[in-house]
Amino acid sequence: MTPPTRRTWARRGHTPLVHVRGRSQRRFSIAALTCYKHGERSRLIFRPKRHGAHKEAKRRSFTWTDYRDLLIAAYHQLGAPIVLIWDNLNVHKDARLRAFVDSHDWITTHYLPPYAPDLNPVEGIWSLLRRRCQANTAFTDPDHLLAALRRRLRQIQYRSDIIDSCLTATGLSLTTSRRQSQ
């Protein structure tokens, strides 16, 4: 929970110091989908997950079932088929998750090229969170951090212009060129 420092000051000749209470071994994960459709406002669908203490032997990230549940929730919320463009996270390529995706005709999956986070609009959301929500804030406890993250993500959910700007920053667009049948 060491805060990212965005800006600080100190007297001339003195090194600036940021005092924080300590480091927590607890971990949070957040999965998010940025959803785009022509003629409709862009959406952000996210799920935070709080993991147990670091001494437990449980996995400290999203599992394939967490992603499955997120996709099902997104499908129900959007009410339309999903074209999923994923990065190459190992869980995204898990055989069980691929079997789930393959067994449902309302999901189409494409993968971004390896090592191309600049093509992923969700990375823009994470950047906004780090710069706006977490910068120069020493969180008192894990609940304080999680509440701040949820509050900022909810604010972004209602600002489709911010979500659209994350897509624009990738250089990608919603239009695709289709080959004309000859």
Enquirer: Between Q77 and R43, what is the shortest heavy-atom contact and its length?
Expert: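 Shortest heavy-atom separation between Q77 and R43 comes out as O-NH1, 3.5 Å.
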Enquirer: Under 4.0 Å between a Lys/Arg side-chain N and an Asp/Glu carboxylate O for D143 and R50?
Expert: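 Judged by the 4.0 Å cut-off on N to carboxylate O distance, D143 and R50 do form a salt bridge.
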Enquirer: Do R68 and W64 form a cation-pi contact, if we require the NZ or CZ to be under 6.0 Å from the six-membered ring centre and within 45 degrees of the ring's axis?
Expert: yes
Enquirer: Would you compute the distance between atom CD1 of I30 and atom CG of L149 and round it to the nearest 0.5 angstrom?
Expert: 4.5 Å
Enquirer: Taking all non-hydrogen atoms of both residues into account, name the closest pair between S29 and S61 and its distance.
Expert: OG-CA, 3.7 Å
Enquirer: Out of curiosity, L89 CG to F62 CZ, how far, rounded to the nearest 0.5 Å?
Expert: 11.0 Å
Enquirer: Any chance you could lay out the side-chain hydrogen bond (donor to acceptor under 3.5 Å, both in side chains) test for Q155 and R152, step after step, and finish with the verdict?
Expert: CA-CA 5 Å; Q155 290 171 351; R152 184 63 182 149; 3.0 Å; yes
Enquirer: How long is the straight-line distance from CZ of R96 back to OG1 of T63, given to the nearest 0.5 Å?
Expert: 8.0 Å
Enquirer: What's the verdict on side chain to side chain contact (heavy atoms under 4.5 Å, CB included) for I82 and Y75, showing C-alpha distance, side-chain angles and the deciding distance?
Expert: CA-CA 7 Å; I82 297 173; Y75 177 66; 4.0 Å; yes
Enquirer: Check whether more than 12 heavy atoms from other residues, nucleotides or ligands sit under 6.0 Å from atom OH of Y158, and answer yes or no.
Expert: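 Open.
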Enquirer: With rounding to the nearest 0.5 Å, note down the distance linking CG in L33 to CD1 in I163.
Expert: 11.0 Å
Enquirer: Within the distance-only criterion (no hydrogens, no angle test), does the side chain of E123 pair as donor or acceptor with the backbone N or O of D118 below 3.5 angstrom?
Expert: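 No; zero donor-acceptor contacts below 3.5 Å.
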Enquirer: Please give me the minimum heavy-atom distance between I107 and F100, naming the atom from each residue.
Expert: CD1-CE2, 3.9 Å
Enquirer: Answer yes when K49 and D66 have at least one side-chain N-carboxylate O distance shorter than 4.0 Å, and no when they do not.
Expert: yes
Enquirer: Within the side chain of Y67, is there an N or O that forms a donor-acceptor pair under 3.5 Å with the backbone of A31?
Expert: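 No, because the side chain of Y67 does not come within donor-acceptor range (under 3.5 Å) of the backbone of A31.
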Enquirer: Should we count CG of D105 as having more than 12 external heavy atoms under 6.0 Å?
Expert: no
Enquirer: Are the side chains of C166 and V122 in contact, using a 4.5 Å heavy-atom criterion?
Expert: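 Counting from C-beta outward, V122 and C166 never come under 4.5 Å.
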Enquirer: Report yes or no: do V83 and W86 belong to one cluster of Ile/Leu/Val/Met/Phe/Trp/Tyr joined by side chain heavy-atom distances under 4.5 Å?
Expert: no
Enquirer: Checking side chain to side chain contact (heavy atoms under 4.5 Å, CB included) for the pair N120/L112: CA distance, chi angles, key distance, verdict?
Expert: CA-CA 8 Å; N120 189 349; L112 291 171; 3.8 Å; yes
Enquirer: Closer than 3.5 angstrom, by distance alone: can the side chain of D87 be matched with the main-chain N or O of Y111 as a donor-acceptor pair?
Expert: no
Enquirer: Roughly how far, to the nearest 0.5 Å, is the CD1 atom of I85 from the NE2 atom of H92?
Expert: 13.0 Å
Enquirer: Is any side-chain heavy atom of L129 less than 4.5 Å from a side-chain heavy atom of L153?
Expert: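 Yes, their side chains come closer than 4.5 Å.
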Enquirer: Between I156 and W126, is there shared hydrophobic-cluster membership here, with clusters defined by ILVMFWY side-chain heavy atoms closer than 4.5 Å?
Expert: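 Yes.
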Enquirer: What is the minimum heavy-atom distance between L71 and L84, and which atoms define it?
Expert: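 Heavy-atom minimum between the residues: CD2-CD2, 3.7 Å.
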Enquirer: Counting C-beta onward and ignoring hydrogens, is there a side-chain heavy-atom pair between P48 and L146 closer than 4.5 Å?
Expert: yes
Enquirer: Whether the side chain of S165 engages the backbone of I162 through a donor-acceptor N/O pair (distance < 3.5 Å, no angle test) should be reported.
Expert: yes
Enquirer: Could you tell me the separation between the CZ atom of R132 and the OG atom of S127, rounded to the nearest 0.5 Å?
Expert: 9.0 Å
Enquirer: What is the minimum heavy-atom distance between L44 and A32, and which atoms define it?
Expert: CD1-CB, 4.0 Å
Enquirer: I need the minimum non-hydrogen distance between P121 and Y36, along with the two atoms involved.
Expert: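 The pair with the smallest heavy-atom distance is CB-OH, 3.5 Å.
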Enquirer: Going by heavy atoms in the side chains, are T108 and P81 under 4.5 Å from each other?
Expert: no
